[in-house]
Amino acid sequence: MNKKIVIKTLEKIALLLELQGENPFKISAFRKAANALELDERSLAEIEDITAIKGIGKGTAAVIHELIEKGESSQLRELEEAVPKGLIPLLKLPGLGGKKLAKLYSELGIDSAEKLKEACETHAIQKLAGFGPKSEEKILKELEHFGERKERLPIWYLQTVVVDIHNTLLEITEIQKFSVAGSFRRVSEMSKDIDFIVATAQPDKVKEQLLEKLTIKEVIAAGDTKVSVIIDGEDQVSVDFRLVAEKEFATALHHFTGSKDHNVRMRQLAKEQGKKISEYGVEQPDGTILTFDSEEQFFAHFDLPFIPPTVRESGKELERLNELDDLVTLESIISDLHMHTTWSDGAHTVREMGEALISRGYTHGVITDHSQYLKVANGLTPERLRKQRLEIFEFNETHPNFTLYAGTEMDILPDATLDYDDDVMKELDFVIASIHSSFSQPQEKIMERLYNAIQNPYVHMIAHPTGRIIGQREGYNPDIPQLIKWASEYGKILELNANPFRLDLCIEHLVMAMELNVPIAINTDAHAIEQLLFMGIGTKYAQKAWLLKDLVVNTWSKEQFETFIRKNK
DNA sequence: GCCGTTTTCGGCCCGACTGTTTTCAGTCG
């Protein structure tokens, strides 16, 4: 039995119990059991006593055992018979939870969006206890846009919205300080909404200005402590602003950065000490409320080191405190190994890119323009590649404390051959191989292409190994565990492409690579100087996989890097 | 439903907001 199926079944049971208006603690018990199973690294077969796992007891264990033995769950089947399928999507309507939907179904037989609409229009709903005219209005309004708005938006889109809002907040003089919070601050690939924490002594003035200055499609709520709006744009994004007093800023920032599981864990910890955490501060056993100047101080109050937002996820981060110092950070990065110039499809020259690297405090970098196959990107023929190398040598002569290496981002062709001959590659310092074509080939063919690249002695690294664009395209579906094994076997680097559209390899794969000690290079793939900034998001994303400095090629000294790139020459 | 214990019941993270109420339930993050 596949563990994923078990997890999904437990979650499904929770969802259906919710729609029966069950006891919320019972519902969350099923979710906790699913979560506990997910966080346990063992496979189902490896787990001897399932009830030994915290969060799994008699009831949930029975479901799991039945799944293993019979391949299905009778509890789930019974629930599916009792709860109409049509109710599940209705849970997404804001304001309608399990209890209300259960009531609407049992009293009025509502089990679809159509019936719900009809019941609102005939005013059947306001007759129910707990509902009123406003409920009907609100439901009708929500039904209009039902399914229209995207549920989660990718980080690369949200980033543009965050930057716009950031600039707007800078203009509001009544704001003392502010920060983005929520899953965006934790560098999640996709987020449902954006949260901002705003410290101010004049919340009504700030509220007024927010509503005036932002490009708002709809105001959801505008209270004294919370302003919630839909920002208009290519996609519509829900944004919450929490208005707090300056002294509450640190605890509010922590609270609204989450994750939910991290907060739960922190509160449990506080409770063990007789304290109580809320967004307003930490209540002491004697009832006084402490506030903090920074999140660092907040953590220090619980004898914890600063836990970066990126790893505040499952709550298990509190058990991995000893690893925090060794996590890769932007400060530990001293090189970028993948970038383009005007020689192919970049916006800046070799000299401009090189000097930009120097001003970032790096000690070395690699110029890696596209190869000849990629005609649309003005890929380089071997002749042009040699000419470019002269330009790189020249740069190095005039910049003695920095080294620019000559490299390429070479295409792996659809027929699985490489775009340059070995003789051409041999002349280069660093060879990246990557796939930019024929994404829809069967997996065997894709793997044949990747294998040919990775076993070639002159290839150092595979770039953006899956080719995905977050929230938009899956990529070419390679067998990544296999690729990681090859990388380990042939001593090659795999890339974490830091471009926010890509973030490729993803977290799960980075964890696998780390287990086999495969070196990872975090690269911006910059096509312009400004994109060198992607290194920030790349390192933060890497932290989410608990990637350690030593395994990240960009933290290696020039000498270490040279030893690596020359070993096959 | 799960857990822990001052062990077999009582609490489970905490608070804001909304719309319904007239003291609160449900939803949400």
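Order of the sequence lines fixes the chain letters, A, B, ..., with proteins taken first and strands second; residue numbering starts at 1 for each chain.
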Expressed in angstrom and rounded to an integer, what is the separation of [X] atom [atom1] from [N] atom [atom2]?
{"X": "A/Lys103", "N": "B/dG26", "atom1": "NZ", "atom2": "P", "answer": "8 Å"}
{"X": "A/Asn35", "N": "B/dC2", "atom1": "CG", "atom2": "C1'", "answer": "14 Å"}
{"X": "A/Leu37", "N": "B/dG1", "atom1": "CG", "atom2": "P", "answer": "18 Å"}

Just checking A/Asp293: does its CG atom have more than 12 heavy atoms from other residues, nucleotides or ligands closer to it than 6.0 angstrom?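 Incorrect, the count does not exceed 12.
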Using a 4.0 Å heavy-atom cut-off, does [X] contact any base of the nucleic acid, only the sugar-phosphate backbone, or nothing at all?
{"X": "A/Gly258", "result": "nothing"}
{"X": "A/Leu96", "result": "sugar-phosphate"}
{"X": "A/Phe256", "result": "nothing"}
{"X": "A/Leu10", "result": "nothing"}
{"X": "A/Asp240", "result": "nothing"}

Just to confirm, is there a sub-4.0 Å distance from OP1 or OP2 of [N] to any side-chain nitrogen or oxygen of [X]?
{"X": "A/Thr225", "N": "B/dC17", "value": "yes"}
{"X": "A/Lys100", "N": "B/dA25", "value": "no"}
{"X": "A/Ser135", "N": "B/dT18", "value": "no"}
{"X": "A/Ser28", "N": "B/dC12", "value": "no"}
{"X": "A/Lys99", "N": "B/dG26", "value": "yes"}
{"X": "A/Tyr280", "N": "B/dC14", "value": "no"}

DNA chain B contacts made by residues 295-302 of chain A, counting heavy atoms under 4.0 Å: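 Within this stretch, nothing sits under 4.0 Å of the strand.
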Kindly say whether A/Ile307 contributes a backbone atom to a donor-acceptor pair with the side chain of A/Arg312 at under 3.5 angstrom?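 The answer is yes, because a donor-acceptor pair under 3.5 Å joins these two groups.
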Check whether any side-chain N or O of A/Asn554 sits under 3.5 Å from a backbone N or O of A/Ile522 as a donor-acceptor pair, and report yes or no.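 Yes, the answer is positive, given that a donor and an acceptor are paired below the 3.5 Å cut-off.
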What I want to check is whether the side chains of [X] and [Y] have a donor and an acceptor closer together than 3.5 Å.
{"X": "A/Glu136", "Y": "A/Gln126", "answer": "yes"}
{"X": "A/Ser314", "Y": "A/Asp261", "answer": "no"}
{"X": "A/Gln284", "Y": "A/Asp286", "answer": "no"}

For DNA chain B, whose closest nucleotide is more 5', that of A/Ala221 or that of A/Ile53?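 Mapping each residue to its closest nucleotide by heavy atoms, the 5'-most match is A/Ile53.
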5′-ward residue of the pair A/Glu136/A/Lys271 relative to DNA chain B: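 Its nearest nucleotide lies further toward 5', so the answer is A/Lys271.
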Can you tell me the pairing partner of B/dT8 across any strand shown, Watson-Crick or G-U wobble, with both distances under 3.5 angstrom?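 The base-pairing partner of B/dT8, which may sit in any strand shown, does not exist here.
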Should the pair A/Lys100 and A/Phe131 be classed as cation-pi, given the thresholds of under 6.0 Å to the six-membered ring centre and 45° from the axis?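 A/Lys100 over A/Phe131 ring: yes.
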